[in-house]
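Written below as structure tokens is the structure these notes are about.
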Amino acid sequence: MKDTNTFLWEINQDKPKEYAVLMYDAFGKMGSNVEGGNINQPGLVQECRSSIGPSFSGQYCQVFLEQGEIQYFVGICVPNSCGEKDVKNLVLSGQLYFNQRSLIPPLPSILINQSSQRLIMTHCLSDTIAPDASEVTCLFVCCVMLAVPLAATLFTAIVKSEQSKEVSHTAEFTNLNSNLNLYGTIRTNGSLSSEMNCTTSEENNNINPAQLCVSRNCVYGCLQAFSLQTTSQAIFRSSSSIPGGSFSSLNGIRVLSLLWIICGHSAQFPVISNLDNYKTWKKTVESNPLYVLTISGPVFLAVDTFLLLGGLLSAKSLLSSIDQAENRLSTSLVANYLFKRIKRIQPLHLFIMCLTMSLIALVRWGPYWFPFIDTMMDCKAYWWANLLLISNLLPVHEICIPWTWYLSLDFQCYTTTPVLVYLYRRNRGVFAVASVGLLLMTIVASTVVTAVLQLPVFEPSTMTSEGYVLHYYVKPYTRYGPFLIGILTGIYLTTRKKQLLTQTRLAALGWFCCLSLMAVLVGSAYILKETPTYPSFPHALYQGLHRPLWALTVTWIILACEEGYGGFIKTFLSLSFWVPLSNISFACYLVHPVFIILYNGLQETPIHYTNINFMYMFFGHLVLTVVVSYILTVLVEKPYLFLKWTRI
């Protein structure tokens, strides 16, 4: 109270000191366009922190208020000796005044009829960076995961350099001593070849030479797997992203779907809290199908495309493994199949989880960080769900790193592929019944959940319908349809004996139906965009059918491209340009929300929505995502894919 009274006394002087002017200037004040949604008054964090008083410095806090039906926050600058409870008491007691006027005035009556304010909560941003043990551990894990491949790269380069010198010296020596026994000569001169190592070990140390050779070969193989010399080459190989090297159109489909998701997230995240003209956004974007790339409903049809591709490639991969195992589907083959999937996703998944937890502690966030705090901090309590790939089964507010729900869903769907493939190989009738039953199950579940809970057909940008995510969006029983259709497509394309499409007329009709259905599915989301206030049959029917139908349209595109009826669309989707982007798409999906959250969380002032501003935000996030994703793919993801376990 002494520090607060000193500050209040100072700003009421005729010539206040500079620190008091800075603290007063850092207070949030009402701006223009309140009617358009500019209701938050953030103030300036850095200006507050830069003020140094006689015995204290400025501390930035947020006061969350409710006035009528409007909720908003005001940024205030108080002495750093104040705690959140002290700030609450200062606000409730009405002590923050300047020239007999409140420093936190209510919105004027001309803008809102209700003039009385109600305090919801207070929150102060920490001025210091003090990571705890778990955050330090996460940072250490990230550093180790990056250091190992860099060290392996350096070691591999040194070994290859020594080997090239050795080969050169050996060739010269051989030319000079062509009549000598080559093997004995190499032994005499201390060659570093694997044969020499084995023989020397046997003679000098009485160690099993075969065991030592295998051990050294294993170590060297691991180093090669982690080295950039190996992993960087895989990015530009078309066969690295698609098992078997076929289905080239999938590269374009995957990348375009990823771009759609990044664009949607880039637009959606700021809308939650950062916009100063939210009502303009809502009026312009949420009601106009021209903005289909950024609206939070149709944009996430791209997730169903990913599920379709996941099912297709999982079936193709498993069938290829069965062919290599002499047409036998054994328990060990299934275990190896699932282990490969875990090895594919978990290293980078856990790295991103640790990286995000580290950033939470190390970054000095701005006033717009608060919507993400609780969600991110859940990692300390629920990290095990990410490790076990069951995070989507938790309540949505407990998911660690929210966008990783897809990895859990994808893996859960992935485990069903061996069962369906087994049924397909054993009894086609049972397989057909099981497939139809599963598809009907997911349609009925989606329809019933939507009707009973009165859910919207997509998540509103205000994130007001928590039940949409909690009970529908992330659950396997409502999202399995596209993956199942992908499995069926993969089985057909892998085992087909002849083409399904044989006539140009049928192909043209298929393309017309496909594109028309896509347009209907996207357009219907705008027609049904309002959250129903009663059980709505149109909403429930759309929710139950639109994801499987979307998967069928994408299936048609893949089928037509594979059977020679893709035309310029196949040419476009099969461009070599898509290959490297497709190979880093997994890293792009995990990394891009980190950049978006960083950008939004570091803002001190709200973002103003215009088309040009959002376009630049999207391309900025995209460029950073691609660059960092390439680095993380070659350093974290690919090494574990190339790592082979060798028995000694």
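- Side-chain N or O atoms of T625 include none that pairs as donor or acceptor with a backbone N or O of C588 at under 3.5 Å.
- For E563 (side chain) and L501 (main-chain N/O), a donor-acceptor pair under 3.5 Å exists by modelled atom type.
- Within the 4.5 Å cutoff, no side-chain heavy atoms of L622 are placed close to those of S266.
- Counting heavy atoms from C-beta outward, L484 and L420 have side chains that approach closer than 4.5 Å.
- With a 4.5 Å cut-off on side-chain heavy atoms, E530 and P456 do not count as touching.
- The minimum heavy-atom distance linking P476 with L409 is given by the pair CA-CD1, 3.4 Å.
- What you find for L624 and F595 is that their closest heavy atoms are O-CE1, 3.7 Å.
- In this structure, the ring of H265 has its center less than 6.0 angstrom from the ring center of F300.
- Distance alone, capped at 3.5 Å, places no donor-acceptor pair between the H349 side chain and the L590 backbone.
- N392 and Q412 are linked by a side-chain donor-acceptor pair at a separation below 3.5 angstrom, with hydrogens and angles left out of the test.
- Judged purely by distance below 3.5 Å, without hydrogens or angles, the side chains of S408 and S391 pair a donor atom with an acceptor atom.
- Residues T450 and Y542 have side chains that never bring a donor and an acceptor to within less than 3.5 angstrom of each other.
- A donor-acceptor pair under 3.5 Å links the side-chain atoms of T494 to the main chain of G490, judged by distance alone.
- Contact annotation: the side chain of L348 approaches that of F586 to within less than 4.5 Å [non-hydrogen atoms, C-beta and beyond].
- Residue F537 places its CZ atom among 12 or fewer non-hydrogen atoms of other residues, nucleotides or ligands, all under 6.0 Å distant.
- Residue Y477 qualifies as enclosed at atom OH: its count of foreign heavy atoms under 6.0 Å is above 12.
- When ring centroids are compared, Y599 and F269 stay outside the 6.0 Å threshold.
- Distance check, rounded to the nearest 0.5 Å: CG of L338 to CZ of R344 gives 15.0 Å.
- For the 3.5 Å distance criterion, the side chains of T633 and N583 fail to qualify, holding no donor opposite an acceptor.
- Environment of CH2 in W383: sparse, with no more than 12 heavy atoms of neighbouring residues, nucleotides or ligands closer than 6.0 Å.
- Applying the salt bridge (charged side-chain N to carboxylate O under 4.0 Å, His left out) rule to pairs touching residues 467-486 yields D304-R479, sequence neighbours excluded.
- Looking only at side-chain heavy atoms (C-beta outward), Y492 and L559 come within less than 4.5 Å of each other.
- Donor-acceptor pairing under 3.5 Å is recorded for the side chains of S248 and S574.
- One distance of note links SG of C138 with CE of M357; it measures 4.0 Å at 0.5 Å rounding.
- Using modelled atom types, one side-chain atom of S585 and one backbone atom of S582 make a donor-acceptor pair closer than 3.5 Å.
- The six-membered or imidazole ring of W578 lies near that of F572, with a centre-to-centre distance under 6.0 Å.
- Residues Y468 and T531 fail the side-chain proximity criterion, which asks for heavy atoms closer than 4.5 Å.
- You'll find the ring centres of Y422 and F431 outside the 6.0 Å limit.
- L313 contributes atom CG, which lies 8.0 Å from atom OH of Y414 (distance to the nearest 0.5 angstrom).
- Looking only at side-chain heavy atoms (C-beta outward), H546 and L301 come within less than 4.5 Å of each other.
- A distance-only check finds no donor-acceptor pair linking the side chain of Q224 to the backbone of Q229 [under 3.5 Å].
- W556 contributes atom CH2, which lies 12.0 Å from atom OG1 of T553 (distance to the nearest 0.5 angstrom).
- Between the S330 side chain and the L333 main chain, a donor and an acceptor come within less than 3.5 Å of each other.
- How far CG of L308 is from CZ of F483: 9.5 Å, rounded to the nearest 0.5 Å.
- Scanning both residues, S257 and A302, for their nearest heavy atoms gives O-CB, 3.5 Å.
- A 4.5 Å side-chain heavy-atom check between L389 and D410 finds every atom pair outside the cut-off.
- Taking the six-membered ring wherever Trp is involved, the centroid distance between the rings of F642 and F226 does not fall below 6.0 Å.
- Although no hydrogens or angles enter the test, the distance criterion places a donor-acceptor pair under 3.5 Å between the side chain of R428 and the main chain of Y424.
- Side chain of R425 to backbone of N327: a donor-acceptor contact under 3.5 angstrom is found.
- The distance from the CH2 atom of W511 to the SG atom of C514 is 6.0 Å, given to the nearest 0.5 Å.
- For the pair S317 (side chain) and S314 (backbone), a donor-acceptor distance under 3.5 Å is absent.
- A salt bridge (charged side-chain N to carboxylate O under 4.0 Å, His left out) check over residues 502-518, counting only residues at least two apart or in different chains, returns nothing.
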